[in-house]
Amino acid sequence: MTDLASLSARALAKAIRGKKVSSVEATKAAIDRLQACHELTHCIVALEKDEALAAAKTADAAIAKGNAKGPLAGVPLAHKDMFDRKGRRASWGAKIHPDKPAAEDSAAIARFKSAGALQIATLHLAEFAYGPTGHNYIVGHARNPWDPTRITGGSSAGTGVAVAYGAIPVGLGSDTGGSLRLPAACCGVASIKPTWGRISRAGAMPLAPALDTVGVLARHVEDLALALGVLAGPDARDPAASTLPVPDYLAHLDDPVKGLAVGVDESLIAEAHPDVQRMVEDVLAVLTGLGLKRAACRFPDWQTLDHLVQLVQLPDASAAHTAFLRTRAGDYSPQVRSRIELGHFIGAVDHLTALRARGTYVKRTLDQTFKGLDVVILPILADPLPTLAELDVAANPNLLTAMGRVVKFTRPINYLGLPTLALPVPRKGGLPNGIQLIGRPFAEAQLLAIGQAYQREVPPEIARPLQQSR
Amino acid sequence: MANSKASPNPPAADEPAAYLDMTPERRAAAKAHAALLSRTADRVARELPMSADVDDFRRVLAQEAKP
């Protein structure tokens with residue numbers, strides 16, 4: 001049997017279904033890898049070894065009887081610890097937890113279960129998913145598997161780390177200002193932040209509901225397609241969940257990409273570090289080699305988008321936390337507390353202006369920036385992978401500036417709600433980083449087809465500490 | 001933050017978010033950042049049609065869908 005760590009979820013599911021490997025074997029191996037990963041990176045919140053192995057035995061028994069449950073039957077996964085699971089309390093990466101066990105599974109967990117997936121652990125996240133670096137002043141910081149002195153990106157830090165290490169092939173995260181894309185870039189894996197509303201948020205811890213988007217991280221783009229097909233679709237529990245038909249993403253993975261147009265806003269990209277600009281050019285060289293056409297484009301006012309998304313996010317997050325902040329303010333870390341406090345200073349009219357303007361700005365972006373284009377490329381991080389120490393700003397006066405630089409290229413996209421595929425750049429022996437391809441609304445299938453073609457040229461990697469970094 | 005103990009940093013009663021127990025420095029920084037964002041909101045509001053609605057966002061995403 002091939003090294004299980006390197007298999008995609010799709011390939012592992014096929015091997016389990018074909019009895020080349022049992023779910024118990026795959027689950028034991030995943031637990032061992034995850035524990036080793038945790039020693040290096042602090043990625044686990046709770047390991048669920050006994051329950052996972054029992055579920056794996058059940059899966060094997062069903063498969064032996066020819067009753068494989070779904071496309072992920074018997075595949076061990078692990079997820080960011082912010083999704084409701086019946087009878088359990090998520091940690092939210094915080095001192096403050098749900099006041100009682102969840103009455104039912106979140107939509108995302110329920111759909112993974114229906115697809116036959118197992119869960120072996122819950123994974124690290126920023127406190128209340130409110131942090132873009134992987135720092136967590138309550139439960140401890142997550143560390144990067146390529147270089148443990150560097151950030152993992154956040155808030156879906158544990159999922160990014162565990163996927164990069166090869167402990168799991170795919171796992172859940174969420175993205176309100178970059179929380180899927182940043183760990184993908186920092187850990188050297190892929191992620192899909194689908195169009196806002198494509199995946200139900202029911203039972204997912206809210207951060208800023210007007211922006212919150214559930215998505216997945218994976219090493220293999222085909223696993224993003226598989227998982228998105230499992231997770232997407234309408235849900236009576238989330239009125240924002242789109243009722244638009246869900247394409248067969250796997251069936252479209254090998255759609256031709258030759259001739260698709262990728263937009264490049266050179267003036268905006270020039271605001272990134274020169275090394276990051278070169279990484280974007282490296283990716284563009286691969287994409288144009290695949291037959292995509294490069295074209296100039298321009299976001300008319302990136303700073304306005306960045307201000308508008310903050311006008312939505314800050315009070316939205318503060319509103320979700322009002323009750324806890326009034327009764328348990330001391331249980332927040334100073335960093336998260338100061339950001340939640342900030343939302344109380346945004347006027348209601350300003351907040352509503354940002355919400356009322358959202359449709360106008362999406363239409364303007366599609367009509368102007370995306371004119372004649374299929375996708376637009378941007379960096380994810382503005383800088384080469386920072387160290388934990390460089391961004392250990394806690395609640396210092398430069399917090400907003402430092403965090404603003406980290407989410408410079410990610411946060412405004414959440415205001416637009418557009419789907420975004422994160423891909424690792426060609427690493428060339430150095431530290432990982434990533435780019436994002438932004439698509440038109442609900443064009444996830446096209447993004448995934450581009451990603452699949454890209455990975456034929458830049459294959460997924462398993463993360464291990466580099467001997468010398470930078 | 002409002003709690004049973006007397007705040008060491010009582011803000012003036014007419015301050016925004018006077019119920020929050022914040023140091024003067026944090027309060028000043030929050031006010032400055034909110035003012036920066038408010039200037040953008042003011043500029044955007046002047047360009048928006050009266051009919052602009054919070055539901056426009058979802059409508060535009062669905063109308064422009066390219067599955």
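Each chain gets a letter, A, B and so on, in the order the sequences are listed, and its residues count up from 1. What you see is a predicted model, and the numbers here were worked out from it, not measured in a lab.
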In sequence, state the C-alpha distance, the side-chain angles, and the governing distance for B:Y19 and A:H344, and then conclude on side-chain contact (heavy atoms from CB on, under 4.5 Å). CA-CA 10 Å; B:Y19 46 87; A:H344 289 255; 2.9 Å; yes

Should A:L355 and B:D53 be marked as a side-chain contact (heavy atoms from CB on, under 4.5 Å) after you check the CA-CA gap, both sets of side-chain angles, and the distance that decides it? CA-CA 8 Å; A:L355 288 170; B:D53 188 274; over 6 Å; no

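The two residues A:F442 and B:A65 make their nearest non-hydrogen contact at CD1-CB, 3.8 Å. Across all their heavy atoms, A:K363 and B:V60 have their closest contact at N-CG1, 4.0 Å.
The part of B:L48 that comes within reach of chain A is its side chain, from C-beta onward, which places non-hydrogen atoms under 4.5 angstrom from that chain. Only the side chain of A:D301 comes within contact range of chain B, with heavy atoms under 4.5 Å apart. When heavy atoms are compared at a cutoff of 4.5 Å, A:A357 approaches chain B by way of both its backbone and its side chain. Heavy-atom distances place no part of A:Q303 under 4.5 Å from chain B, backbone and side chain included. For chain A, the nearby part of B:E47 is the side chain; its heavy atoms alone come within less than 4.5 Å. Contacts of A:Y415 with chain B are made by backbone atoms alone, with heavy-atom separations under 4.5 Å and no side-chain atom involved. Contacts of B:R59 with chain A are absent, with no heavy-atom separation under 4.5 Å from either backbone or side chain.
Note on B:A62, B:A35, B:A34, B:S38: by heavy-atom pairs under 4.5 Å with chain A, the leading option is B:S38. Ranked by non-hydrogen atom pairs under 4.5 Å with chain B, the options A:G343, A:P419, A:P239, A:G197 are led by A:P239. Of the listed residues A:V362, A:L418, A:L311, A:T195, the one with more heavy-atom pairs under 4.5 angstrom with chain B than any other is A:L311. Among the candidates A:G417, A:P397, A:G347, A:A240, the residue making the largest number of heavy-atom pairs closer than 4.5 Å to chain B is A:A240. Among A:L352, A:T360, A:L416, the residue with the largest count of heavy-atom pairs under 4.5 Å with chain B is A:L416. Here B:H33 is the residue among B:H33, B:Q63, B:E15, B:R43 with the most heavy-atom pairs under 4.5 Å with chain A. For the options B:V44, B:D56, B:D42, heavy-atom pairs under 4.5 Å to chain A are most numerous at B:V44. Put simply, of A:H252, A:R440, A:H307, the one with the most heavy-atom pairs under 4.5 Å next to chain B is A:H307.
Between B:L37 and A:D350, the closest side-chain pair of non-hydrogen atoms is not below 4.5 Å. The shortest distance between side-chain heavy atoms of A:F370 and B:E64 does not fall below 4.5 Å.
For the pair A:R358 (side chain) and B:F57 (backbone), a donor-acceptor distance under 3.5 Å is absent. A:R356 contributes a side-chain N or O that, together with a main-chain N or O of B:P49, makes up a donor-acceptor pair within less than 3.5 Å.
For the residue pair A:S242/B:R58, the side-chain donor-acceptor check at 3.5 Å is not satisfied.
The stretch residues 394-407 of chain A participates, sequence neighbours left out, in these salt bridge (charged side-chain N to carboxylate O under 4.0 Å, His left out) pairs: A:D383-A:R405.
Summarising the geometry, atom OG belonging to A:S318 is positioned 8.5 Å from atom CG belonging to B:L20; distances are rounded to the nearest 0.5 Å.
A salt bridge links A:D374 and B:K66; the closest N-O separation between the charged side-chain nitrogens and carboxylate oxygens is under 4.0 Å.
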